[in-house]
Amino acid sequence: MAIITVVACLLLLMSGSCSAQLSTNFYSKTCPKVLSVVKPVVRSAVSKEKRMGASLLRLHFHDCFVNGCDGSILLDDTSSFTGEQTARPNNKSARGFNVIDDIKSTVEQVCPGVVSCADILAIAARDSVEFLGGPSWNVKLGRRDSKTASFSGANGGRIPAPSSSLSNLISTFQAVGLSVKDMVALSGSHTIGQARCVQFRPHVYNDTNIDRSFATTRQGSCPSKIGSGDQNLAPLDLQSPTAFDNNYYKNLISKKGLLHSDQELHNGVSTDSLVETYSKNPNTFFSDFSAAMIKMGDISPLTGSNGQIRKNCGKVNP
Ligand code: HEM
Ligand SMILES: *[C@@H]1O[C@H](CO)[C@@H](O)[C@H](O)[C@H]1NC(C)=O
Ligand SMILES: *[C@@H]1O[C@H](CO)[C@@H](O)[C@H](O)[C@H]1NC(C)=O
């Protein structure tokens, strides 16, 4: 039986789909304190600035959707290398890199050269959601860090754009093995954090599936003229932008989604009923969200002897 498994795995390895497994106890021998070392650093960053919890969650998402959860988003540009940080979905938008560096240097003091930056992103995302009042889950570990990053991958539609239609959203998630249910549950991340005028302007000026008074309010801090006030911020959840709850879904039902893509999930479409379920049952949302975060964290990790454990999250080891 064991032989059959090994042979099946070898065959699958050749087709690239038998990756070594991540596990919740990956560092139990090599860095048993990793979770307790990371948690207070995340806690202090999030209590200093609540939005940081949202920013850390988003970093993990943007990492995983481009060539898997491999820490590639953390690689800084150099004179001879352009990474993912200036790609359209990240440019002037992805944040929290300093917090990841703080966590990494704290972890390096305890277990040098052992814990990957990709795993730190996954842990920080989990801890952030928990601190802001959301669910917690057992985070799987054992990812290794990439030696490269992909500007074109990050720029090329693998990370969904806010102009996406429902079918675009479904297909970008399907492309990384996530279901429609995962997509709707993970979108509940927009119950925390902020978006820039440049991202929500078309929805608040040009769409008709939006509450008129909400649109007027948001227009107030986002001039219609393209290029003017582009970086002005508004909360993704108008009710409780620093609490991880199910208000995001309630907003969609009252046509107060901030992004075009948000409102696509409840617009007389197939996902309406799931949005309604999550709006009424926070526990169902929390458990589906946790399950989907674990699935997202499992997207094509580097394991075994692939990749490396970076010393500094922003740079490939010399
Ligand atoms: C469903 C497709 C999605 C689209 C189209 C989308 C798009 C966006 C956009 C445009 C912003 C604002 C960025 C800015 O203005 O600088 C944003 C923010 C955010 N997104 Fe998403 N997103 C999606 C899914 C997700 C998922 C799956 C997660 C997490 C698992 C997530 C987490 C966040 C968070 C937490 C913020 C706020 C970040 C902050 O305040 O720093 N999003 N998203
Ligand atoms: C990133 O944003 C800056 C400032 O808005 C802009 O000058 C630059 O061209 C952008 N980079 C890319 C690759 O789009
Ligand atoms: C609204 O749509 C029109 C026509 O497509 C376009 O010219 C205009 O720039 C859009 N306005 C905003 C604020 O997106």
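One-based numbering, in listed order, for ligands and for the atoms of each. All values below come from the heavy atoms of this structure, side chains included, with hydrogens, waters and symmetry mates left out.
- Counting heavy atoms closer than 4.0 Å to ligand 1, residue Q199 contributes side-chain atoms (C-beta onward) but none from N, CA, C or O.
- Between F285 and Y278, the ring-plane angle classifies as tilted under the 30° and 60° cut-offs.
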Could you give me the CA-CA distance, side-chain angles and deciding distance for Y249 and V184, then say whether side-chain contact (heavy atoms from CB on, under 4.5 Å) is met?
CA-CA 10 Å; Y249 300 102; V184 175; 4.1 Å; yes

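- At a cut-off of 3.5 Å, with distance as the only test, no side-chain donor of Q85 or D77 sits close to an acceptor on the other residue.
- Nearest to atom 35 (C) of ligand 1 by heavy atom, out of A195, A54, S163, A94, is A54.
- Contact annotation for P160 and ligand 1: heavy atoms of both the backbone and the side chain come within less than 4.0 Å of the ligand.
- Using a 4.0 Å cut-off between heavy atoms, H190 contacts ligand 1 through its side chain alone, with no backbone atom that close.
- The shortest N or O to N or O distance between S261 and ligand 1 is not under 3.5 Å.
- Across R218, Q219, H260, a single residue satisfies side chain to side chain contact (heavy atoms under 4.5 Å, CB included) together with F200, and that is R218.
- For ligand 3, the atoms sitting less than 4.0 Å from at least one non-hydrogen atom of R201 are 13 (C), numbered in the order shown with element in parentheses.
- The CZ atom of R126 sits 9.5 Å away from the CD1 atom of I294 when rounded to the nearest 0.5 Å.
- Regarding atom 9 (O) of ligand 3, its nearest protein heavy-atom neighbour is I226 CD1, 4.0 Å.
- Atom 5 (O) of ligand 3 has its closest protein heavy atom at N206 ND2, 4.6 Å.
- Considering backbone and side-chain atoms together, Q194 places an N or O closer than 3.5 Å to an N or O of ligand 1.
- When only modelled atom types and interatomic distance are considered, E84 and H62 share no side-chain donor-acceptor pair under 3.5 Å.
- Residue F173 places a heavy atom under 4.0 Å from ligand 1.
- There is no side-chain donor-acceptor pair under 3.5 Å between N138 and T24.
- Among all protein heavy atoms, the one lying closest to atom 40 (O) of ligand 1 is R51 NE, 2.7 Å.
- Donor-acceptor pairing under 3.5 Å is recorded for the side chains of D245 and T191.
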Could you give me the CA-CA distance, side-chain angles and deciding distance for L258 and H203, then say whether side-chain contact (heavy atoms from CB on, under 4.5 Å) is met?
CA-CA 7 Å; L258 184 63; H203 183 53; 5.9 Å; no

Evaluate N251 against Q239 for side-chain hydrogen bond (donor to acceptor under 3.5 Å, both in side chains), listing each step before the verdict.
CA-CA 8 Å; N251 297 337; Q239 304 188 61; 2.8 Å; yes

If you apply the rule salt bridge (charged side-chain N to carboxylate O under 4.0 Å, His left out), what do you find for E276 with K250, and how did you get there?
CA-CA 8 Å; E276 286 157 26; K250 296 182 186 168; over 6 Å; no

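- Nearest residue to atom 17 (C) of ligand 1 from M293, M183, R58 is R58 (criterion: closest heavy atom).
- Within ligand 2, the atoms closer than 4.0 Å to a non-hydrogen atom of N91 are 1 (C), 2 (O), 3 (C), 8 (C), 10 (C), 11 (N), 12 (C), 14 (O), numbered from 1 in the order shown.
- Rounding to the nearest 0.5 Å gives a distance of 10.0 Å between CG of D237 and CG of D262.
- Residue contact check: L169 has heavy atoms under 4.0 Å from atoms 1 (C), 2 (C) of ligand 1.
- Using a 4.0 Å threshold on non-hydrogen atoms, atom 2 (O) of ligand 3 counts as touching the protein.
- For the pair R196 and ligand 1, the shortest N or O to N or O distance falls below 3.5 Å.
- Counting heavy atoms closer than 4.0 Å to ligand 1, residue L259 contributes side-chain atoms (C-beta onward) but none from N, CA, C or O.
- Counting only heavy atoms of the protein, atom 1 (C) of ligand 1 lies nearest to S187 OG, 3.5 Å.
- For atom 13 (C) of ligand 3, a protein non-hydrogen atom is found at a distance below 4.0 Å.
- D182 and S179 share a donor-acceptor pair across their side chains, judged by distance under 3.5 Å alone.
- Between K315 and D76 there is no salt bridge, since none of the side-chain N atoms of the basic residue sits less than 4.0 Å from a carboxylate O of the acidic one.
- Expressed to the nearest 0.5 Å, how far CZ of F65 lies from OG of S300 amounts to 11.0 Å.
- Atom 25 (C) of ligand 1 has as its closest protein heavy atom F61 CE2, 3.2 Å.
- Between K92 and ligand 1, no N or O atom pair is found at a separation short of 3.5 Å.
- Among all non-hydrogen protein atoms, the one lying nearest atom 30 (C) of ligand 1 is S189 OG, 3.2 Å.
- In summary, the atoms of ligand 3 found under 4.0 Å from a heavy atom of P202, numbered by their order in the structure, are 14 (O).
- Nearest protein neighbour of atom 10 (C) of ligand 1, counting heavy atoms only, is P162 CG, 3.7 Å.
- Close approach of ligand 1 to L186 is summarised as follows: ligand atoms under 4.0 Å from at least one heavy atom of the residue are 26 (C), 27 (C).
- Atom 16 (O) of ligand 1 has its closest protein heavy atom at S93 OG, 2.5 Å.
- The protein heavy atom nearest to atom 41 (O) of ligand 1 is S55 OG, 2.7 Å.
- Looking at V198 against ligand 1, nothing comes within 4.0 Å, counting heavy atoms.
- Listed by number with element, the atoms of ligand 1 under 4.0 angstrom from any heavy atom of L236 are 18 (C), 19 (C), 36 (C), 37 (C).
- Here the options are I100, D145, N312, the test is side chain to side chain contact (heavy atoms under 4.5 Å, CB included), and the partner is L74; only I100 passes.
- The contact set between ligand 3 and Y205, taken as ligand atoms under 4.0 Å from a residue heavy atom, comprises 13 (C).
- In this structure, A161 counts as a contact residue of ligand 1, since one of its heavy atoms falls inside 4.0 Å of the ligand.
- In the model, S93 has no side-chain atom that pairs as donor or acceptor with a side-chain atom of R88 under 3.5 Å.
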From CA spacing to verdict: salt bridge (charged side-chain N to carboxylate O under 4.0 Å, His left out), R201, D230:
CA-CA 9 Å; R201 178 185 284 128; D230 282 359; 2.8 Å; yes

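- Within ligand 1, the atoms closer than 4.0 Å to a non-hydrogen atom of G193 are 37 (C), 40 (O), numbered from 1 in the order shown.
- Considering both main-chain and side-chain atoms, K92 never comes within under 3.5 Å of ligand 2 through any nitrogen or oxygen pair.
- Once rounded to the nearest 0.5 Å, the distance linking CG of D272 with CG of L166 reads 9.0 Å.
- Counting only heavy atoms, the protein never gets under 4.0 Å from atom 7 (O) of ligand 2.
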